[in-house]
Structure formats: C-alpha cells, structure tokens
Protein chains: 2
Amino acid sequence: MKKTILFYGLAMAALIFLLKYLEYRLFVHDLSTEFYVGIIAVMFTALGIWVGLKLTRKKIVMVNPAFVQDEQQVQRLGISRREFEVLELMAAGLSNQEIADKLFVSLNTVKTHTSNLFLKLEASRRTQAVQKAKKMKLIP
Amino acid sequence: MKKTILFYGLAMAALIFLLKYLEYRLFVHDLSTEFYVGIIAVMFTALGIWVGLKLTRKKIVMVNPAFVQDEQQVQRLGISRREFEVLELMAAGLSNQEIADKLFVSLNTVKTHTSNLFLKLEASRRTQAVQKAKKMKLIP
DNA sequence: AATCAATTCATACTTTCGGGTGAAGGCTTT
DNA sequence: AAAGCCTTCACCCGAAAGTATGAATTGATT
C-alpha cells in the first residue's frame, strides 16, 4: 500500500513536470490547444486506468463454488423422488425411524427406500451411500 | 460488452461536449489555463478509473477454499489421536470391523472409540457424527 | 512413586441396519 | 387392459452398531 502511494506520488510529479513542459512548448511553438488537451486527456486516462487496476487487482475473492446438483446423475442412477428425499435426510444424519417420522411413513417404507438406494449407489452402508452421493454431486 | 462500448462512447461524447464548453468559457471569461487543465485531468482520471474497474470488475475467481482443519476444535472437544483416526475412517464409510482391521485393533476397541466420539460430538449415530465433524471443520 | 489420560480389550445387552421376499394401490405408458 | 414403475407397508432374520461397565497396560506429568 505504501508502495502504491509512493508510485502514485511519483507519477503525479512526473505528470506535472510533463504538463509544465508542454505548456512551455505551447507558448513557444504555438501548439494547438486541441493537441495539448488531447495529450493531457490520454495521460490522465492512462493514469486512471492504472489506479483503477491497482484498486481491484488483488481482489481474487474466495467464493465457495455454489453446489449444483447433477440432475443427470440422479436420473442415470434411476433414483426416484422419494428415494432422494430419504437420501438427503440420511446424509443429514437421521436414523431410519427419524426419517420415517419426518416423512410420515412407516419404518418399513424407509427401509425399502434405503435398500433401493444402496443398490443404486452400490453401497452397503449408509455412511458409504452418503459419501458416494456427495462424490457424485447428488447432494451438497 | 456492447453496453460497455456504448457507455464508453456516450461518455466520450459528453466529455468532448464539456471540453468544448470549457474551451468557450476559457476565451470568454478568461479562466486560467491551470484550472482548465485541472478540470480535464480530473475528468479523464475519473474516466480512466471507471474503465479500469470495468476491465477487472468480473474477475471474481471461483476458488475452492482449501480445507484447513480446525485444530483448536479438535482439542477443545478433547478428541484424542486415535479417536480422530477412527473418525476419519468412519467418514470414509468404513464399518467398525473394517476400521478395526485397518488399525490392527479389535472390534471392541473401535466401538469404544466410536462411543467416546459420539459423546464428544454429541451424536448418537455415525452418520450424524460425520456430518457434525464436517460442519465443525474437523474433517474435509 | 503416584496420578492421569489414552489405548486397548472384554462381556453383555439393546437397538438399529441391511437383506430378502412379498404384496397392495396408484399412476403412466403402451 | 396390461405392463411397468413408484410408493407404501409387513415380516423375518442375521449382522452391525451402539450402550454400559469394568479392567489391564502404557506413557506422560507431577
């Protein structure tokens, strides 16, 4: 930051020097006002661009890449709507009974869904199923 | 992009108009050259800054934030070295028996570790423990 | 040396999971 | 209407997971 200010100061000094020089030439050699103005405009535009870049150069923001569900994967694996709901709750750490309560279905129904999920995800444990589902971008 | 160019063009037109106006004032009211130059300099610096910002505005790079383990959390929860190993393997979807084989200890030992983990993570199931551990930045 | 935490293991018991099978009702497609 | 999928549910059984309690060993700390 200190360097930036120093550079800016030096650049300003150089510019003012240039301006004075041009001003001197203007009266001595009768350069046209348009030309003089043009030079100034170009110089200060360049200066502005430089400052603008300085201001935003290092703003590489760390952004969590938004999760995008791979819909195609879900379809490819033939995972149904209900099965997916169960998968989500499973990933949230709920037990089959809790899932059953949350979805207003019986424990047996949830078991059926989980069994089907394990087949489709080629898993044999819920932890594994969740881990695979995350790797496949099915869930965040 | 087209909009940017259009805006730039319009801004330029407005500036030239302003310049001509100022030029007119210069000769009519005898404004000092320094003042005139100053106005131009400020305007074009502003223009340059604006252009510079435009050029770099959208460089928000999507970077996967590297995982940094929250060592303090691990200590705060009083999770021991061995328990942490078990936690990692658990998160990888391994069963207690598989963890036992991998660490060359008995199944009962793994059960002890998992039980302690559940207490420390305030979980009652391995899926829940894994989910919480991830949220707490204990594991990736 | 005594203490403490960590690690290891055991036994016993309860709960949850997962696998297998079957089946009924609803909805869509052919 | 028949076939096919989804959803729902049931029952059984064995395996895995989780709970509780106790205990031996080791390494570090005091």
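Not measured: the values here are computed from a predicted model. To find a chain, count down the sequence lines: A is the first, B the second, and so on, and within it residues start at 1.
Spacing between atom CG of B:Asn116 and atom P of D:dG18 amounts to 13 Å, rounded to whole angstrom units. Distance, B:Ile79 CD1 to C:dA6 C1': 14 Å, rounded to whole Å. Residue B:Lys111 contributes atom NZ, which lies 7 Å from atom C1' of D:dA16 at whole-angstrom precision. Atom CZ of B:Arg82 is separated from atom P of D:dA28 by 16 Å (rounded to the nearest Å). Atom pair A:Leu119:CG and D:dC5:P shows a separation of 15 Å (rounding to whole Å applied). Rounded to whole angstrom, the span from the CE atom of B:Met90 across to the C1' atom of D:dA17 amounts to 11 Å. If you take NE2 of B:His113 and C1' of D:dT19, they are 16 Å apart, rounded to a whole angstrom. Separating the CG atom of B:Asn108 from the P atom of C:dC13 is a distance of 15 Å, rounded to the nearest angstrom.
Here the closest non-hydrogen pair linking A:Thr114 and A:Lys111 is OG1-O, 2.7 Å.
Not a single donor-acceptor contact under 3.5 angstrom links the side-chain atoms of A:Ser80 to the base of D:dC5.
Side-chain proximity of A:Val105 to D:dA17, D:dT8, C:dC17: nearest is D:dT8.
The pair B:Glu98-A:Arg125 meets the salt-bridge criterion, with a side-chain N (NZ, NE, NH1 or NH2) lying under 4.0 Å from an Asp/Glu carboxylate O. The residues B:Glu83 and B:Lys120 are annotated as salt-bridged, a charged nitrogen and a carboxylate oxygen being separated by less than 4.0 angstrom.
Look at A:Thr109 and you'll find a side-chain N or O under 4.0 angstrom from OP1 or OP2 of D:dC9. Residue A:Arg125 places no side-chain N or O under 4.0 Å from the OP1 or OP2 atom of D:dA16.
The residue B:Ser95 sits close only to the backbone: its heavy atoms come under 4.0 Å of sugar-phosphate atoms, none of a base. Nucleic acid contact for A:Ser106: sugar-phosphate only, since backbone atoms but no base atoms lie under 4.0 Å from a heavy atom of the residue. Across all strands, B:Ser124 comes closer than 4.0 Å only to sugar-phosphate atoms, never to a base (heavy-atom distances). Residue B:Asn96 is classed as a sugar-phosphate contact, given heavy-atom separations below 4.0 Å to backbone atoms only.
No donor-acceptor contact under 3.5 angstrom links the side chains of A:Thr112 and A:Thr109, judged on distance only.
Side-chain contact between B:His113 and B:Phe84 is absent, with no heavy atoms from C-beta onward closer than 4.5 Å.
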